[in-house]
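Remember, it's 1-based here, ligands and their atoms both numbered in the order they're listed. Hydrogens, waters and symmetry mates play no part in the numbers below; they use all other heavy atoms, side chains included.
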Amino acid sequence: MARIDLNHIRHAYMPDPKSDADYALKEVHHTFEDGGAYALLGPSGCGKTTLLNIISGLLHASHGELLFDGKDVTRLSTQERNIAQVFQFPVIYDTMTVYDNLAFPLRNRGVPEADVARKVHETLEMIGLADWAKRRARGLTADQKQKISLGRGLVRSDVNAILFDEPLTVIDPHMKWVLRSQLKQLHRRFGYTMVYVTHDQTEALTFAEKVVVMYDGEIVQIGTPAELFERPKHTFVGYFIGSPGMNVMPVEIDGRNARLGGQVIVLPGAPKAKAGGSTELGIRPEYVRLGSEGMPVSVSKVEDIGRHKVVRASLEGREIAAILGEDESIPADPKIVFDPAGINIYANSWRVETGG
Ligand code: ADP
Ligand code: MG
């Protein structure tokens, strides 16, 4: 497996020399460490597939360079890059048997037939298709075909990295969970470099050690699930991760005080914010305490989400979400307090440190 360096990668499908607007990837400068399990998370259209295809060589970036273990592979073909890639929809040979579909990438590389048999059976066992080895792929369900695709991606252990592009979209929810935990086990056992693309935060947070969040053609934050949750670097990360996402509201900063309409919120420290631009306060619903002290709010909606309730309230004319625990109730004259531990300050959408 290899370490993958993306150096100042930019990509435009239809380049317009006069404008930056049509860059599907604006500037990606990032290292996937050898043996790391990464999730690439972001909304539809943010550039995830473009980035994977640039790593595998299906696409050549308009600018920038790509290194595997320090070696420049920018101009190498897909074959030469030696990457396994699993796509969102099945890519298999319908007329071949399940066994031959998995054997194909190995035979293609001249692996001896005895080793092919061992690897294919091992992989079929793992994806739950051991009994289907002799069946032709044609008659199988979409779900089973996608498992074959997954198997084809996992059957070779000599690749530089394995890339997964929303591979479990067509798989049923229970099997999704099973396959995902198998991928994690595989990672632990063999130390593969894995990049797993998804737009589903639960999938990303459960699969990866490091989550790479993309937004509008750029990487906005790389972190552990806890870091993304507690300290979103960009307001987008705050909205996108968590359910409901982070509350974000414009404030005026004066030292350690943040002014929101007629209310003053005391911050954990004065923000080291740049002057000018908009300043916002972000706080997750988990850190908004609803009780009989603090800033007055009016409650507009209560949603039951199982063990907790999401309360939507209006604070100084803006909607704010709070989480109410199982045994808590809404007081007659509701007020809220922001737990300082959960307060983040943003200048022009980017988080600024607070101190002193
Ligand atoms: P994601 O995988 O995150 O959904 P993509 O990488 O597929 O995003 O797409 C990123 C952007 O590039 C989108 O705006 C998309 O419309 C555009 N795009 C993707 N593929 C092509 C293509 N073949 N030609 C032109 N534009 C494309
Ligand atoms: Mg995609």
Side-chain angles (χ1 to χ4, degrees), residues 4-30 32 37-66 74 77-78 81 83-92 142-143 145-147 149-150 152-153 161-171 176 179-180 183 193-208 210-223 225 228 232-241 245 349:
I4 299 171
D5 289 303
L6 297 151
N7 288 344
H8 303 287
I9 296 282
R10 288 201 285 155
H11 187 71
Y13 283 98
M14 286 163 285
D16 173 359
K18 291 190 289 295
S19 152
D20 259 6
D22 56 358
Y23 273 90
L25 291 179
K26 289 180 180 147
E27 163 76 24
V28 174
H29 192 70
H30 174 64
F32 292 106
Y38 297 87
L40 198 55
L41 175 69
S44 181
C46 72
K48 305 181 296 295
T49 296
T50 304
L51 189 59
L52 277 202
N53 290 347
I54 285 172
I55 296 173
S56 67
L58 288 177
L59 201 62
H60 287 267
S62 326
H63 304 274
E65 56 174 19
L66 186 72
T74 317
S77 68
T78 307
R81 290 190 196 186
I83 295 269
Q85 192 169 6
V86 181
F87 302 91
Q88 192 168 3
F89 300 103
V91 180
I92 59 169
D143 194 285
K145 285 184 181 175
Q146 183 61 0
K147 283 191 204 163
S149 272
L150 203 58
R152 288 176 46 133
I162 311 180
L163 312 178
F164 302 91
D165 196 350
E166 314 213 23
L168 306 182
T169 308
V170 298
I171 306 276
K176 234 183 209 173
L179 288 174
R180 204 163 55 216
L183 291 181
T193 306
M194 286 182 166
V195 183
Y196 187 102
V197 163
T198 176
H199 64 271
D200 178 339
Q201 54 164 305
T202 315
E203 212 167 291
L205 301 181
T206 54
F207 173 78
K210 281 276 169 81
V211 180
V212 178
V213 185
M214 282 187 75
Y215 174 57
D216 198 15
E218 286 176 284
I219 292 175
V220 286
Q221 187 166 3
I222 301 153
L228 298 178
K233 257 192 177 171
H234 189 280
T235 49
F236 169 76
V237 179
Y239 295 130
F240 195 66
I241 292 170
S349 305

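The side-chain hydrogen bond (donor to acceptor under 3.5 Å, both in side chains) test with R180 singles out one residue from T202, T206, T198, and that residue is T206.
Numbered from 1 in the order shown, with element, the atoms of ligand 1 that lie under 4.0 Å from a heavy atom of A24 read 11 (C), 12 (O). Short contacts between ligand 1 and T50, defined as distances under 4.0 Å to a heavy atom of the residue, involve ligand atoms 5 (P), 6 (O), 9 (O), 10 (C).
Between Y13 and T50, the side chains place a donor N or O and an acceptor N or O closer than 3.5 Å (distance only, hydrogens not considered).
Protein non-hydrogen atoms do not reach within 4.0 Å of atom 16 (O) of ligand 1.
A donor-acceptor pair under 3.5 Å links the side-chain atoms of K48 to the main chain of P43, judged by distance alone. Between the side chain of Q146 and the backbone N or O of L168, no donor-acceptor pair lies under 3.5 Å.
The shortest distance between side-chain heavy atoms of Q88 and T49 does not fall below 4.5 Å.
Shortest contact from atom 7 (O) of ligand 1 to any protein heavy atom: T49 CB, 3.8 Å. Residue, atom and distance of the protein heavy atom nearest to atom 8 (O) of ligand 1 are G47 N, 3.2 Å. Taking atom 1 (P) of ligand 1 as the reference point, the nearest protein heavy-atom neighbour is G45 N, 3.5 Å. At the shortest separation from atom 22 (C) of ligand 1 among protein heavy atoms lies Y13 CD2, 3.4 Å.
At a 4.0 Å cut-off, at least one heavy atom of P43 sits close enough to ligand 1 to count as contact.
Note on ring orientation: taking the six-membered ring where Trp is involved, the planes of F32 and Y38 are perpendicular (angle over 60°, cut-offs 30° and 60°). Between Y215 and H234, the ring-plane angle classifies as tilted under the 30° and 60° cut-offs.
Within the 2.8 Å limit, Q88 places no N, O or S atom next to the Mg ion (ligand 2).
At a 4.0 Å heavy-atom cut-off, ligand 1 touches M14 through the side chain alone.
Within the model, atoms CG of L150 and CD1 of I92 stand 12.0 Å from one another, a figure rounded to the nearest 0.5 Å.
By heavy-atom distance, the residue among K48, Q88, H199, H11 lying nearest atom 3 (O) of ligand 1 is K48.
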